[in-house]
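Here is the structure we will look at.
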Amino acid sequence: MNAPVASLPLLHVADLSLEFRTRSGTVFALENIAFSLNKGEMLGIVGESGSGKSVLAYSMLGISDGAARVTAGTAMFGGADLLKASEHELREIRGREVSMIFQSPRTALNPIRKVGHQIEDVLKRHAAVRGVDLRERAIDCLKRVRIPDPARRYDAYPFELSGGMCQRILIALALACQPSLLIADEPTTGLDVTTQAAIMELLSSLAAEQNMASILITHDLALAAQYCDRIAVMHAGHLIECGPAEEVLNAPHHPYTRRLIASTPHTAPSIAAMSPIPGNLPDLRRSDLPPCRYAGRCERFEAACNAAPLPEFAITPHHTVRCWNAE
Amino acid sequence: QDARKDALLVVNENGPNSLDIHGVGANRASYGVAWIAYDRLMSYGKKVVNGVPYYDYAKLEPELAESWQVAKDGMSVTFKLRKDARFHDGSPVTAEDVKWSYDRALGMGGFPQFQMSAGSLEKPEQFEVVDASTFRVKFLRKDKLSLPDMAVPVASIYNAKLAKAHATADDPWAAAWLKNNEAGGGAYKVASWKPGQEIVYERFDDWKNGPLPKLKRVIQREVANPGTRRALIEKGDADMSFEMPPKDFALLSQTKGDLVVKSTPVENAEWFIGMNYNKPPFNNPKVRQAVAWAVPYEKIYTRAFYGRVIKLWGAKSMNVTSADWPAVHGYSTDIAKAKALMAEAGYPNGFDTTLSFDLGNGTISEPIAVLLQESLNEIGIRTTINKVPGANWRAQMLKKEMPLFINRFGGWLNYPEYFFYWNFHSSDPVFNDSSYKNPAMDKLIDAARFETDKKKYEAQVKSFIDLAHKDLPRVPLGQPVMDVVMNKNISGYTYWFHIQPDYRQIEKK
Amino acid sequence: MNTPLLRVERLVKHFKVGRNAMLHAVDDISLDIAPGESVGLVGESGCGKSTLSRVLARLIDADSGHIHFHDGAQESDLAASPAARFARHAQRGVVQMVFQDANDSLNPRYLAQDTIAEPLRLLVGMKDAAAIKARVEELAGWVGLPTELLGRYPHQLSGGQKARVGIARALASSPRLLILDEPTAALDVSVQATVLQLLADLKARLGLSYLFVSHDLNVVRLLCDRVVVMYLGKVVEQGPAQEVFAHPHHPYTQMLVAAIPDPHRKGQPAQIMQGEARSPINPDPRACRFHGRCPHGEPRCELHTVSLREVAPQHLAACHLLED
Amino acid sequence: MKMILKRLLLALPNLIGVIIVTFVLTRALPGDPAAYFAGAAATPEAVEQVRVKLGLDRPLPEQFLHYVVDLAHGDWGSSLATGQKVTTEIAARLPASLELTLCGLLLAVSIALPLGVLAATRPNSWADHGVRVLTTMGVSLPTFFTGLLLVYIFYYKLGWAASPNGRLDAFVTSPPTVTGFYLIDSLLIGDLAVFWATLKQLILPTVTMALFVLAPLARMTRASMLGVLSSDFVRTARASGLTPGTVLYTYALRNALLPVLTTMGMVFSFLLGSNVLVEKVFAWPGIGSFAIESLVASDYAPVQGFVLSMALLYVVLNLLIDLAYTWLDPRVSLDG
Amino acid sequence: MNTKHLRYVLKENPITAVAFSVFSLFVLMAIFGPLIAPFDPLDSNAGPALSPPTWHNPFGTDSFGRDILSRVIVATRLDFGIALAAVLLSFVIGSAFGCAAGFWGGWFDRISSRLADTIMAFPLFVLAMGVVAALGNTVGNVIYATALINLPFYLRVARAESNVRREAGFVEAARLAGNHDLRILAVHIFPNILPPMMVQVSLNMGWAILNAAGLSFIGLGVRPPMPEWGIMVAEGASYIISGEWWVALFPGAVLMLAVFCFNLLGDGLRDLIDPRRRT
Ligand SMILES: Nc1ncnc2c1ncn2[C@@H]1O[C@H](COP(=O)(O)OP(=O)(O)OP(=O)(O)O)[C@@H](O)[C@H]1O
Ligand SMILES: Nc1ncnc2c1ncn2[C@@H]1O[C@H](COP(=O)(O)OP(=O)(O)OP(=O)(O)O)[C@@H](O)[C@H]1O
Ligand SMILES: [Mg+2]
Ligand SMILES: [Mg+2]
């Protein structure tokens with residue numbers, strides 16, 4: 001069956017701004033974020049810690065901290081605006097249409113509930129499965145994420161499982177209702193490289209099987225490049241570059257992206273060749289943040305950078321960059 | 001509500017700790033048990049003084065004995081027991097039971113033995129079973145207390161057969177069993193007893209030794225908190241209480257509500273400040289007098305006793321003029337005089353000492369102590385207040401080392417020499433807490449005890465009271481008053497020397 | 001090869017985890033570290049890397065084995081004196097350690113300068129406050145920590161700054177060997193790069209030896225001369241870094257190298273480790289620890305042990321497959 | 001089962017400690033029980049006689065040995081004041097105290113948990129501060145004062161509450177003893193009137209007790225609930241679209257209960273302690289008022305028996321808590 | 001600890017701020033109490049006995065005619081003294097032993113944990129009662145008894161905290177920097193377990209006062225005529241029913257305020273002493 005309108009993306013985020021109102025000031029955590037995601041596509045979001053990757057993901061699901069306020073923007077998903085949806089509507093979407101998996105899988109599971117039951121909770125909620133079928137369906141879910149001996153694992157508690165195994169459970173939980181979008185927030189941080197490889201393989205093969213779109217949030221540019229179709233780079237609440245993975249990796253246009261790539265050990269031929277990014281992320285609580293938040297760290301900074309709001313240049317139809325001095 | 005009609009609910013601070021008055025450590029509340037669950041051969045008569053019903057210590061009336069005859073030589077008495085008298089288990093009361101009971105009072109030692117000896121009842125041979133319903137007591141000497149002493153709770157008659165069934169070789173007097181089980185024939189049976197909680201009496205309908213009591217049930221509950229007791233009484237949820245702080249009695253007696261407060265002076269009793277007669281600094285008579293002049297009598301009267309005592313200070317003369325007992329003394333509050341005496345005694349700068357009292361009497365003693373402390377401070381006697389827990393009090397009294405203390409004493413038998421014997425005799429009984437020793441005093445007490453001539457007797461009484469006021473081992477503060485608060489619909493309350501109400505005469509409308 | 005700075009011989013550390021249950025965290029490990037050499041230690045989580053480093057840093061006692069330390073002409077066995085009293089050992093200052101979590105490894109109630117000054121007082125024996133201050137500032141300069149940050153508490157410092165304070169403290173006693181237990185794992189990529197550059201720089205300047213523990217093989221590749229691969233308490237392969245990454249011999253090392261994310265392998269399914277890891281508790285002494293997960297597993301792997309053998313110059317690996 | 005035995009075995013040294021401490025403490029009590037029990041008019045010789053009878057003349061270690069041997073035979077001695085066997089006395093009074101304490105605990109928990117959850121779901125809101133102030137107020141007043149205040153207002157002034165004179169009104173007959181808990185016993189015989197009467201008597205003392213321990217419970221609930229609510233797995237649950245009810249109760253609360261359970265053990269100990277005061281105010285014939293009386297009378301056996309039974313109770317309670325813990329938390333069964 | 005930090009902590013939590021100001025008031029009262037009290041607290045001529053509050057005696061007078069306001073003010077010192085001394089005692093002993101036990105483990109840990117368990121196996125108030133009954137009712141013994149029953153809490157908290165920190169990176173680092181065990185314990189671990197202990201300290205100060213009050217109620221507390229809140233409430237308690245509410249109410253209210261403020265102080269104290277909360 002063909003998609004009714006091929007050009008319509010699965011998720012289209014436009015102009016998203018979000019702030020946290022805290023006692024110590026307002027944190028302008030996201031500003032003018034725009035990206036879209038097609039069916040079956042995997043988008044990688046990379047950036048330094050604190051650049052707003054998680055906040056962005058949470059805002060999609062409406063599970064942001066209570067202090068968060070979406071001040072502008074839309075996130076159209078299957079005809080509904082996720083940002084304006086009521087809590088009730090969102091609850092129907094979460095876990096059924098859009099799912100999420102998290103970093104540190106061990107703590108992301110309820111430590112005192114059998115993993116089987118945790119999957120059942122989701123099934124009961126969304127798939128309206130009842131009774132004996134429930135257990136079967138849950139074991140099915142475990143089987144799908146290639147857990148050896150799923151019937152036995154059904155009765156296990158998270159503490160009895162290894163980290164990689166917990167992450168599989170978490171994936172099973174997220175995919176239990178076959179959502180059309182999966183957001184993975186650093187799903188392999190803290191896991192061994194070998195386990196990381198296994199989890200990523202699993203994720204990409206499952207996504208392919210179900211034609212599911214996914215967002216992979218990670219620190220690891222190399223990882224994102226290996227698995228994602230497109231990569232979005234974030235810095236201090238701005239999405240500064242977004243494009244096909246190879247293009248972004250091999251021909252970055254934003255100076256930040258450039259630096260980020262250069263500081264990744266993977267790509268650097270030697271230590272001396274690594275070029276760290278100078279300075280720190282700006283304090284997002286300042287109300288007089290410059291239009292370009294990278295301005296303070298940028299080697300190509302000019303007075304013009306502070307003059308007007310950031311423009312968005314399309315390098316190619318699918319590759320956009322937000323910088324005055326983009327090459 | 002019907003259940004309440006013939007039943008009386010009494011709330012008190014303390015309850016009995018034993019059903020056996022002969023038992024070791026039986027407390028005052030257990031006198032009450034002995035009084036109504038057991039009978040004695042005789043009881044006292046009744047009189048009305050100033051409209052207040054009073055027992056009459058001078059008059060003996062039949063109880064278990066329907067009559068008695070004192071021998072011509074005055075050296076024995078023979079009792080005829082009632083034929084129809086029954087114990088609670090239905091068995092008849094015989095002279096055997098009486099003898100066993102008297103023997104037991106002597107045989108158990110301790111307090112019952114002492115009490116019996118106060119009436120010169122000292123040897124089992126004195127008690128003789130003549131026949132099943134005739135009992136004789138032989139006297140060792142002529143003692144006016146002998147007969148009255150047979151009407152006090154200690155002389156209760158036990159069901160010997162029943163008790164003996166529970167005696168063992170180690171425990172020939174069945175003390176263990178009788179402590180928890182009642183074996184009497186009194187007007188009330190103990191229906192249930194939960195030590196520390198409540199005792200429930202039920203009327204013994206076969207009681208023949210007097211008019212059948214009106215109340216079917218009497219429940220005596222222990223409510224430790226005075227505030228709670230007062231609330232219960234005021235709300236009418238409880239019928240009666242005779243253990244309340246004096247302040248509550250004072251206030252309740254003024255309010256015109258559904259409550260009646262009956263107050264009766266306790267005979268032969270005193271509140272006093274005691275001083276150690278043998279040890280410095282109180283061995284100095286000037287110091288003792290200084291204390292007597294420094295006591296804030298009026299303040300203590302209003303703020304500690306709330307007026308619930310009879311004043312025993314401020315007589316016009318320092319000399320004793322009548323044989324009335326308890327007697328009024330001539331001291332009053334005069335700090336200047338007290339200060340002068342302290343200087344004379346060689347303590348112009350005063351001294352430090354401790355002021356002790358029994359925590360069990362704390363409700364009254366503590367305020368006295370505080371007021372006294374303040375006053376003594378003015379004449380240079382700096383005191384530390386020492387609250388002695390009830391358990392320790394007897395031990396402290398026995399040691400006779402407390403320099404300064406507050407205490408009260410009451411004698412069952414209403415004779416001043418009885419009081420003096422216990423309190424001032426140099427044979428040093430426990431209650432001689434000042435350890436007062438004066439041969440002149442001993443002579444007077446011993447003489448009065450066996451004196452038959454009324455004039456001489458009164459002269460002796462006057463002189464020993466006078467001696468006590470002069471030597472001043474104690475400063476009397478007041479004569480206690482027995483207060484009982486009850487609902488208006490309760491009648492028939494009479495004061496008894498053991499200061500427990502006699503439920504047999506009480507009615508509820 | 002000249003005399004190594006540190007020669008570890010048959011080091012064993014077992015933890016008691018229950019009645020009759022011993023967890024073999026470090027099981028008969030021998031290795032050398034030459035002066036000025038940096039050795040990378042890699043391996044799966046829980047394979048005993050930290051335990052080994054803690055034993056070498058004399059924070060805990062080994063059950064058996066020796067740690068020979070050559071300082072000039074002198075040689076001493078560090079394992080001979082118990083850890084509890086090692087604080088006063090003459091060689092305390094020469095082996096130092098930098099911890100993974102810079103956040104956790106700084107006393108929250110110590111200013112940065114106090115933290116750096118402590119070894120100066122206790123190990124170097126400096127007393128003079130001015131001299132200490134000067135030295136602290138010098139050390140801060142080495143690690144690129146602005147002096148105005150010295151008066152701050154750890155929570156007032158960023159992750160990279162904290163890492164620098166940790167390194168400065170470790171350098172204070174002029175050590176010969178620095179043990180680095182995942183010093184960059186908690187840092188951002190951008191900060192990680194600067195710290196790595198700092199470490200490389202220090203090594204060159206001070207002639208330090210490193211034992212560098214890491215998950216990230218890419219980092220090890222960049223920083224280390226030699227790499228030691230551990231699996232469940234055992235060394236399974238060791239050799240020159242480039243050599244090991246280019247030609248891994250042990251199946252585990254092969255999988256490890258294969259699992260390094262690589263954009264060039266996009267679309268190709270990776271070789272994935274199957275099966276479950278063996279338990280480190282009371283392991284079968286004869287069986288290969290990797291047996292069960294090893295794609296080339298054979299019955300003999302369970303029957304007798306193999307020891308490290310040279311597969312290329314200076315390149316050792318322990319596997320039956322290499323015997324043939 | 002094995003675990004229960006093991007736990008009990010572990011508690012043994014504690015019990016031994018308790019026995020020793022109690023023994024030493026009771027012997028250090030002032031006053032001479034011999035003098036006390038010899039009665040009002042005793043001579044020193046009579047006192048001596050009582051002393052020998054009580055075995056108080058022997059050296060302390062010997063007394064201790066006798067005591068332990070007797071204990072081992074199930075003989076806890078007799079109260080000198082009431083003459084009853086300590087075991088019977090405690091058996092008669094313990095249910096009264098336990099019924100009160102458990103009701104207090106139950107009430108406290110059923111108020112504190114919702115309050116704690118309320119506060120945790122709205123941290124730093126006025127509701128949160130309100131809960132904090134309210135519960136802290138409860139713990140800031142001496143229990144006896146609270147009790148009297150409640151009596152004054154609800155019994156004396158308003159006349160709503162039952163008279164504060166024990167477990168049952170004097171004119172209601174107590175139900176036949178099965179469990180010793182009047183609430184249960186009255187239900188067993190189906191006597192609703194007695195049940196109601198018992199409940200009425202229980203209300204004020206229960207409220208007094210509950211007020212006192214509301215604070216630690218609510219505080220702990222709030223703290224642990226806050227921790228759990230910000231934990232990763234609650235975020236997972238929310239991200240899975242589970243209903244707020246499921247998230248709050250099945251996920252958050254059950255986890256948050258674990259530390260609360262530990263607090264409950266401590267709170268129970270508090271309650272047993274404050275029992276002593278509350279029982280005095282409400283004329284409650286429990287074990288606490290018994291302890292005071294015995295203590296004041298230097299009556300060794302009941303004091304020792306009281307403390308021992310408290311310690312036993314505490315051991316049992318901790319066992320129950322451990323069991324509940326293992327039931328709630330599968331992780332603990334591992335480390336036996 | 002600078003004033004900026006204090007201001008920050010107070011601003012963070014309005015309730016703590018209130019508690020702090022009330023606390024300061026109490027401290028002033030403890031220091032200057034005897035000077036500001038309108039009457040001698042022991043003077044039984046301050047007014048008529050049991051007079052309700054008047055201008056002359058704003059809190060009324062007690063059964064002896066002593067001025068309740070003066071007594072309440074002067075009692076502050078004793079009550080705070082009891083609370084402070086008791087808490088200090090148990091804090092010092094408990095945290096020292098607990099720290100050592102948590103750090104070294106072994107037999108010392110087992111013994112001290114057993115000790116704590118044994119104390120905890122008593123209903124705490126009953127133990128305090130027993131101790132005061134056995135040793136006699138003096139202020140000193142009330143303090144000892146209170147300290148004793150609080151001991152296990154410090155032991156446990158200190159033990160748990162130091163046990164956790166034994167493994168902490170900064171402790172290992174300190175070892176590498178040449179610290180021996182004792183120094184680590186004293187310089188590195190102990191200061192760091194102070195913040196969590198502060199909450200306990202403030203709670204215990206409240207308990208100490210309540211404990212003294214409870215002991216007074218059953219006749220085992222401070223000796224009369226010393227003004228002490230607990231004993232005043234206990235004495236006044238029996239006047240509640242008879243309508244002389246002020247005798248118990250004012251001391252009760254002040255006692256409650258003090259305990260209340262102690263209880264609320266905990267979090268603030270912790271924040272104050274914790275450098276991590278400094279910004
Ligand atoms: N609840 C909150 N209140 C205030 N600020 C917040 C809150 N949550 C996040 N922020 C701020 O929003 C910014 C983005 O945070 P976010 O967690 O999205 O970063 P991230 O890119 O996911 O980082 P990491 O890689 O460390 O997970 C940060 O500056 C953070 O301080
Ligand atoms: N004190 C201890 N008691 C018991 N077991 C321990 C102890 N310390 C470490 N272990 C165990 O020893 C093994 C090796 O642990 P270690 O911390 O050395 O691993 P690692 O290689 O550093 O892992 P990671 O990469 O996760 O840091 C693990 O199984 C761990 O659980
Ligand atoms: Mg994040
Ligand atoms: Mg490690």
**Asked** When only pairs under 4.5 Å are counted, which of D:Leu148, D:Leu15, D:Thr136, D:Leu149 shares the most heavy-atom pairs with chain E?
**Response** D:Thr136

**Item:** Contact winner vs chain E - D:Pro142, D:Gly17, D:Gly288, heavy-atom pairs under 4.5 Å
**Value:** D:Pro142

Please look at [X] and chain D and tell me whether the side chain, the backbone, both or neither of the residue comes under 4.5 angstrom of a heavy atom of that chain.
| X | value |
| --- | --- |
| E:Ala128 | neither |
| E:Leu210 | side chain |
| E:Val18 | neither |
| E:Trp207 | side chain |
| E:Phe153 | side chain |

**Message:** Please find the pair of heavy atoms, one from E:Phe122 and one from D:Ser269, that lie closest to each other, and give the distance.
**Reply:** O-OG, 3.7 Å

Taking side chain as C-beta onward, heavy atoms only, is [X] less than 4.5 Å from [Y]?
| X | Y | result |
| --- | --- | --- |
| D:Arg219 | E:Val199 | yes |
| D:Tyr156 | E:Ile240 | no |
| D:Val133 | E:Phe260 | yes |

**Asked** Heavy-atom count around E:Phe97 CZ within 6.0 Å, excluding the residue itself: above 12?
**Response** no

**Message:** Could you check whether atom CZ of D:Phe23 has more than 12 heavy atoms from other residues, nucleotides or ligands sitting under 6.0 Å from it?
**Reply:** yes

**Asked** If you count heavy-atom pairs under 4.5 Å between each of E:Ala248, E:Gly230, E:Gly206 and chain D, which one has the most?
**Response** E:Ala248

**Fill in**
Highest number of heavy-atom pairs under 4.5 Å with chain D among E:Leu203, E:Ile209, E:Asp117 belongs to E:Asp117

**Request:** Mind checking salt bridge (Lys or Arg N to Asp or Glu O under 4.0 Å) for D:Arg132 and listing every partner two or more places apart, or none if nothing turns up?
**Result:** E:Asp267

Counting only non-hydrogen atoms closer than 4.5 Å, does [X] touch chain E with its backbone (N, CA, C, O), its side chain (CB onward), both, or neither?
| X | result |
| --- | --- |
| D:Val139 | both |
| D:Phe306 | side chain |
| D:Phe270 | side chain |
| D:Val276 | side chain |
| D:Tyr152 | both |

**Item:** Nearest-0.5 Å distance, CG of residue E:Leu124 to CG of residue D:Leu272
**Value:** 10.0 Å

**Request:** Mind running side-chain contact (heavy atoms from CB on, under 4.5 Å) on E:Leu127 and D:Leu25 for me, showing each step along the way?
**Result:** CA-CA 9 Å; E:Leu127 184 61; D:Leu25 213 60; 4.1 Å; yes

**Asked** Considering the options E:Leu115, E:Ile119, E:Thr118, which one meets the side chain to side chain contact (heavy atoms under 4.5 Å, CB included) requirement together with D:Asn14?
**Response** E:Thr118

